[in-house]
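What follows is a set of notes on a single structure, which appears directly below.
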Amino acid sequence: MMPHLAHIALVVRDYDEALAFYVGKLGFELVEDSYQPAQDKRWVVIRPPGAPATATTILLARASTEHQAKYIGDQAGGRVFLFLATQDFARDHAAFTAAGVEWVRPPATYDYGTVAVWKDLYGNLWDLVEFAPGHSAAAGA
């Protein structure tokens with residue numbers, strides 16, 4: 001197997017509040033939640049709803065120092081941090097809206113697809129995007 005991204009770490013304030021938002025509110029799947037006694041932390045892994053088992057997952061990483069805590073909600077310096085691809089933008093936009101997601105930019109259509117920007121519970125910016133057919137990223141959507 002070729003190298004691939006296995007997980008993307010998302011720095012969070014608290015495991016359970018992050019799980020309540022991503023799993024409880026948005027329907028992400030809990031892949032693993034296990035205690036690591038040697039490091040006194042949890043290994044908490046989630047993936048977007050409907051994503052294949054081989055998809056890159058998100059590791060919810062609780063900030064363990066004041067320095068790490070400064071980056072909660074600002075891991076990308078105010079830019080969009082994560083791109084959530086969908087094959088049904090209207091369905092997922094409606095579901096996220098019903099779940100109370102805060103939209104920062106309304107849906108817009110560009111040559112690469114339809115996109116809207118939303119904030120997670122910490123303020124990280126995400127794109128919800130349905131790539132246009134033929135776009136290089138559409139194959140993975």
Do [X] and [Y] sit in the same hydrophobic cluster, where Ile, Leu, Val, Met, Phe, Trp and Tyr count as joined when their side-chain heavy atoms come under 4.5 Å apart?
{"X": "Leu30", "Y": "Leu26", "result": "yes"}
{"X": "Leu82", "Y": "Leu19", "result": "yes"}
{"X": "Val115", "Y": "Val80", "result": "no"}
{"X": "Phe83", "Y": "Tyr112", "result": "no"}
{"X": "Leu10", "Y": "Val117", "result": "no"}

Quick one: [atom1] on [X] to [atom2] on [Y], what's the gap to the nearest 0.5 Å?
{"X": "Gln36", "Y": "Arg42", "atom1": "CD", "atom2": "CZ", "result": "11.0 Å"}
{"X": "Leu60", "Y": "His7", "atom1": "CG", "atom2": "NE2", "result": "11.5 Å"}
{"X": "Thr54", "Y": "Arg47", "atom1": "OG1", "atom2": "CZ", "result": "8.5 Å"}

Restricting to non-hydrogen atoms, name the atom on [X] and the atom on [Y] that form the minimum distance, rounded to 0.1 Å.
{"X": "Ile46", "Y": "Phe28", "result": "CD1-CD2, 3.8 Å"}
{"X": "Asp92", "Y": "Leu128", "result": "C-CD2, 3.9 Å"}
{"X": "His93", "Y": "Pro107", "result": "NE2-CG, 3.5 Å"}
{"X": "Val12", "Y": "Ala18", "result": "CG1-CB, 3.9 Å"}
{"X": "Ala116", "Y": "Pro106", "result": "CB-C, 4.0 Å"}

Can you confirm whether [X] sits close enough to [Y] that some side-chain heavy atom of one is under 4.5 Å from a side-chain heavy atom of the other?
{"X": "Asp14", "Y": "Arg62", "result": "no"}
{"X": "Tyr15", "Y": "Asp33", "result": "no"}
{"X": "Val104", "Y": "Leu125", "result": "yes"}
{"X": "Asp127", "Y": "Phe81", "result": "no"}
{"X": "Ile58", "Y": "Val45", "result": "no"}

CZ/Arg91: more than 12 non-hydrogen atoms of other groups inside 6.0 Å
yes
For Arg13 and Glu17: C-alpha separation, side-chain torsions, deciding distance, then whether salt bridge (charged side-chain N to carboxylate O under 4.0 Å, His left out) applies.
CA-CA 8 Å; Arg13 182 175 33 244; Glu17 80 178 353; 2.9 Å; yes
Going by the angle between their ring planes, with limits at 30° and 60°, are Phe96 and Trp118 parallel, tilted or perpendicular?
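Taking Trp118 first and then Phe96, their aromatic rings stand perpendicular (interplane angle over 60°).
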Look at the rings of Tyr71 and His67 and say which category their plane angle falls in: under 30° parallel, 30 to 60° tilted, over 60° perpendicular.
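Because their plane-to-plane angle is over 60°, the rings of Tyr71 and His67 count as perpendicular.
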Determine, stepwise, if the pair Asp40 / Tyr35 fulfils side chain to side chain contact (heavy atoms under 4.5 Å, CB included).
CA-CA 7 Å; Asp40 190 30; Tyr35 181 64; 2.5 Å; yes
Apply the test side chain to side chain contact (heavy atoms under 4.5 Å, CB included) to residues Val11 and Gln75: give CA-CA distance (whole Å), side-chain angles for both, the deciding distance (0.1 Å), then the verdict.
CA-CA 8 Å; Val11 181; Gln75 287 188 225; 3.4 Å; yes
Would a distance-only check, ignoring hydrogens and angles, find a side-chain to backbone donor-acceptor pair under 3.5 Å from Thr56 to Leu5?
yes
I'd like to know if the side chain of Glu32 and the backbone of Trp43 have a donor-acceptor N/O pair within less than 3.5 Å.
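Looks like no, no N/O pair under 3.5 Å.
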Do Asp74 and Tyr122 pass the side chain to side chain contact (heavy atoms under 4.5 Å, CB included) test, and can you show the C-alpha distance, the side-chain angles, and the key distance before you say yes or no?
CA-CA 8 Å; Asp74 193 24; Tyr122 299 112; over 6 Å; no
